[in-house]
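From a predicted model like this one, the values you see are computed outputs, not experimental measurements.
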Amino acid sequence: MPRPVSRDDNCLCYVRKLLGSNVYDPALPLNPFGGTVYVGSGDGKVYALDAVTGTERWTHTTGDAVDSSPAVVGGTVYVGSNDHMLYALDAVTGTERWTYATGGAVRSSPAVVGGTVYVGSNDSTVFALDAASGAGPAD
């Protein structure tokens, strides 16, 4: 059984041990939301793992690899995928709240400030979207 994660752990090695070597940029905040660690993977899934036991709480499947590190704000997980989409997922259940289609892979990690999600895409655009609805400036 996996041991608890501490500040001194090499988080990437810990998460890779749990999920395999195809995980990218795991995010392990010092105070995980609800005791949960969120990570994207090369298998096209976003995983929510118990921060202590490593037990899978939920997964959400995207259309391609998830190179983006998730951002967790206000009970929502924001994460990009190589399928050209930005996803907003419920942090507790993994239920999709909204998606936003871009013109390229979303490999950058979202930043959420003042109710706006900022994320870059491989279409050479930085998007500013409403964090609650996913609406962009032209929507």
Would you name the heavy atoms of [X] and [Y] that are closest together and state the gap between them?
| X | Y | result |
| --- | --- | --- |
| Val79 | Ser69 | CG2-C, 4.5 Å |
| Gly80 | Ser68 | N-OG, 3.2 Å |
| Arg107 | Asp67 | NE-OD2, 3.2 Å |
| Trp58 | Val46 | CZ3-O, 3.8 Å |

Could you list the cluster mates of Tyr118? Members are the ILVMFWY residues connected by side-chain heavy atoms closer than 4.5 Å, either directly or through other members.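 Besides Tyr118, the hydrophobic cluster comprises Val113, listed by chain and residue number.
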Partner set under side-chain contact (heavy atoms from CB on, under 4.5 Å) for [X], not counting sequence neighbours:
| X | value |
| --- | --- |
| Asp64 | Ser81, Asn82, Asp83 |
| Thr61 | Lys45 |
| Asp123 | Thr102, Ser121, Thr125, Phe127 |

Distance alone, cut at 3.5 Å: any donor-acceptor contact between the side chains of Thr36 and Arg57?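 On atom types as modelled, these side chains qualify, holding a pair under 3.5 Å.
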Residues that Asp130 engages under salt bridge (charged side-chain N to carboxylate O under 4.0 Å, His left out), provided they are two or more places apart: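 Salt bridge (charged side-chain N to carboxylate O under 4.0 Å, His left out) list for Asp130, sorted by chain: empty.
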Interatomic spacing from OH in Tyr100 to CE in Met85 - rounded to 0.5 Å: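 Tyr100 atom OH to Met85 atom CE measures 10.5 Å (nearest 0.5 Å).
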Between CG of Leu129 and CG of Leu86, what distance do you get to the nearest 0.5 Å?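 Taking CG in Leu129 and CG in Leu86, the distance rounds to 6.0 Å.
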Any donor-acceptor pair under 3.5 Å from Trp98 side chain to Leu89 backbone: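 Here the side-chain-to-backbone pair does not exist.
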Within the structure provided, determine whether Pro70 and Val39 are in side-chain contact (heavy-atom separation under 4.5 Å).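 No, side chains not in contact.
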Pairs meeting criterion salt bridge (charged side-chain N to carboxylate O under 4.0 Å, His left out) with involvement of residues 93-102, two or more places apart: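 Sorted result for residues 93-102: Asp90-Arg97.
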